[in-house]
Amino acid sequence: MDNGIKNGAEAITVSALNCIDLSSTDTHQSVSLLKQACLDCGFFYVVNHGITEQFMDEVFSQSRRMFSLPLSEKMKLLRNKKHRGYTPVLDEHLDHENQVHGDYKEGYYIGVEVAEDDPKAEKPFYGPNVWPVPDILPGWRETMEEFHREVAKAVARLIALALDLDVHFFDKQEMLGEAIATLRLLHYEGKISDPSNGIFGAGAHSDFGLITLLATDDVLGLQICKDKDAQPQLWEYVAPVKGAFIVNLGDMLERWSNCIFKSTLHRVVGNGRERYSIAYFIEPSHDCLVECLPSCKSENNPPKFPPILCQTYLSQRYSDTHADLTTYGENKK
């Protein structure tokens, strides 16, 4: 069911999503709720995930501190070729067909920390992060490094069961054993979106990888479109829920499941209020071969996509949606 609520004078539609309690001992019910969500829209909530509200409040507080710095200071932290660091407003352009400019948001990428002299740092999404100097943002790095991927692993185990796979299918070393885990802080400055004229906080897109966990403040903005082929498209808000993560499936899982599970279009529409969110993207290891799962293909339903390495797929998707670093001149790293 969908619920109509008021946003000022305008009635809007909010999508009612399944909520999965990660502390529940009723695994059958959890898998059933998750499977229904994955077949329907690829979005759901998780609660009792083990990350305290106190800690998440601290992450949001540190995020606000960083984004409140002068632009000149933030540009010193400009993202590098491995997508670590600051992304300015309009840097990301997610929907070239419908957006007249890039996204009206700024962000900050933090990935798996790997020393520059470590052989693993040669991989596209591993390496040292871009960190603010401690005297400008004391405690900032320590807070961000405390964020971990155990919640995502718990969700991945339920997804495996929903796909009739072994519960630890995604725990394998070549999958989430050396995952590409990326934390992204996001700030929408309060610009009012105008979808009819191609102005968005974040353009319509589906996420690139396996699963995304999203924490938001209490400001509405995230919308999903359950049927991307519908004309006209119907967009529904996803309500913020205090203490919950909003989880959505990425394109890589849709490929893996042969389109049985859905990676759903979503966007952010600004209403004039400042908004903060924290996204945590979990992708398999660099060398993981993403190919149709045995439980998702048959003689009558052959694989719809060719196999592809995770690093190859992700590198192309990032390249397609971000500005060329040379456009930033002397700030390029």
Side-chain angles (χ1 to χ4, degrees), residues 63 66-133 136-137 140-141 144 180-189 191 193 197-209 212 250-252 267-268 270 277-281 283 286-287 308-333:
S63 175
M66 191 278 298
F67 286 123
S68 68
L69 292 174
L71 180 60
S72 59
E73 289 295 322
K74 290 184 285 191
M75 289 302 288
K76 294 176 184 177
L77 304 167
L78 183 67
R79 66 176 171 88
N80 57 26
K81 291 186 291 185
K82 295 200 173 189
H83 296 279
R84 309 294 180 89
Y86 176 68
T87 56
V89 173
L90 304 182
D91 178 83
E92 192 170 16
H93 198 163
L94 290 165
D95 184 3
H96 290 274
E97 184 176 342
N98 296 302
Q99 279 181 281
V100 294
H101 305 296
D103 294 352
Y104 282 92
K105 70 175 190 291
E106 54 183 344
Y108 204 99
Y109 282 115
I110 302 164
V112 177
E113 181 76 16
V114 175
E116 201 163 4
D117 58 357
D118 189 315
K120 290 181 180 178
E122 296 179 10
K123 297 182 177 183
F125 296 96
Y126 277 0
N129 283 296
V130 176
W131 298 110
V133 292
I136 293 179
L137 291 175
W140 197 87
R141 174 174 178 170
M144 299 308 160
I180 301 171
T182 305
L183 176 64
R184 193 178 189 195
L185 312 176
L186 295 164
H187 174 222
Y188 300 84
E189 295 180 325
K191 184 177 180 65
S193 296
N197 287 305
I199 306 296
F200 297 93
H205 66 287
S206 52
D207 288 350
F208 308 156
T212 303
D251 295 340
M252 203 173 291
R267 67 187 188 185
V268 173
S277 63
I278 299 165
Y280 197 55
F281 303 98
E283 338 290 9
H286 283 79
D287 298 321
I308 189 169
L309 283 178
C310 175
Q311 62 180 312
T312 303
Y313 181 74
L314 289 179
S315 294
Q316 186 59 55
R317 293 295 299 271
Y318 273 93
S319 175
D320 289 344
T321 55
H322 287 77
D324 191 314
L325 282 171
T326 59
T327 62
Y328 296 113
E330 62 181 20
N331 288 110
K332 180 173 72 70
K333 291 185 183 286

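We use all heavy atoms of the structure for the numbers below, so side chains are in, but hydrogens, waters and symmetry mates are not.
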Exercise. In terms of ring plane angle, is the pair Y318 and H83 parallel, tilted or perpendicular, where the classes change at 30° and 60°?
Worked result: tilted
Exercise. Quick one: does F125's side chain get under 4.5 Å of L314's, heavy atoms only?
Worked result: yes
Problem set entry | Distance (rounded to the nearest 0.5 Å) between M66 CE and I136 CD1 | 12.0 Å
For this session: Measure the spacing between CD of E92 and NE2 of H205 and express it to the nearest 0.5 Å.
Result: 7.0 Å
Exercise. If you round to the nearest 0.5 Å, how far is CZ of R317 from OG of S206?
Worked result: 5.5 Å
Exercise. Does one side chain, of Y188 or D103, offer a donor that lies under 3.5 Å from an acceptor on the other?
Worked result: no
For this session: For T321 and L94, indicate whether the former's side chain and the latter's backbone hold a donor-acceptor pair under 3.5 Å.
Result: no
Problem set entry | Sole candidate of L183, V114, V112, I110 that passes side-chain contact (heavy atoms from CB on, under 4.5 Å) when paired with N129 | I110
Exercise. Is the distance between the ring centroids of W140 and Y108 under 6.0 Å?
Worked result: yes
Problem set entry | Stepwise side-chain contact (heavy atoms from CB on, under 4.5 Å) test for L77 and W131 | CA-CA 7 Å; L77 304 167; W131 298 110; over 6 Å; no
Exercise. Does the K105 side chain pair with the main chain of V89, one donor and one acceptor, at a distance under 3.5 Å?
Worked result: no
For this session: Considering non-hydrogen atoms only, spot the tightest contact between L186 and G107 and give its length.
Result: CD2-CA, 4.1 Å
Exercise. Quick one: are H286 and C310 in side-chain contact, heavy atoms under 4.5 Å?
Worked result: no
For this session: Measure from the side-chain N and O atoms of T327 to the backbone N and O of D324, and report whether any donor-acceptor pair falls under 3.5 Å.
Result: yes
Exercise. So how far is it from Q311 CD to E283 CD, rounded to the nearest 0.5 Å?
Worked result: 13.0 Å
Exercise. Just how far is it from atom CD of E73 to atom CG of L137, taken to the nearest 0.5 Å?
Worked result: 9.0 Å
For this session: Answer yes if the side chains of T87 and R184 hold a donor-acceptor pair under 3.5 Å, and no otherwise.
Result: yes
Exercise. Would a 4.5 Å heavy-atom cut-off, applied to side chains only, mark L69 and P132 as touching?
Worked result: no
For this session: Compare every heavy atom of S193 with every heavy atom of G201, then report the nearest pair and how far apart it is.
Result: N-OG, 3.2 Å
Exercise. Got a second to check how far Y280's OH is from T182's OG1, nearest 0.5 Å?
Worked result: 8.0 Å
Exercise. Any donor-acceptor pair under 3.5 Å linking the side chain of N80 with the backbone of R84?
Worked result: yes
For this session: Using a strict cut-off of less than 4.0 Å between a Lys/Arg side-chain nitrogen and an Asp/Glu carboxylate oxygen, indicate whether R79 and D91 qualify as a salt bridge.
Result: yes
Exercise. Can we say E113 and R141 salt-bridge, meaning some charged N sits less than 4.0 Å from an Asp/Glu carboxylate O?
Worked result: yes
Problem set entry | side-chain contact (heavy atoms from CB on, under 4.5 Å) evaluation trace for K123 with D287 | CA-CA 9 Å; K123 297 182 177 183; D287 298 321; 4.0 Å; yes
Exercise. So, Y109 versus Y86, ring centres under 6.0 angstrom or not?
Worked result: no
Problem set entry | Side chains of M144 and L185 in contact at under 4.5 Å (non-hydrogen atoms) | yes
For this session: Please confirm whether the backbone N or O of I199 pairs with a side-chain atom of N197, one donor and one acceptor, at under 3.5 Å?
Result: no
Exercise. With under 30° as parallel and over 60° as perpendicular, where do the rings of H101 and Y104 fit, or are they tilted in between?
Worked result: perpendicular
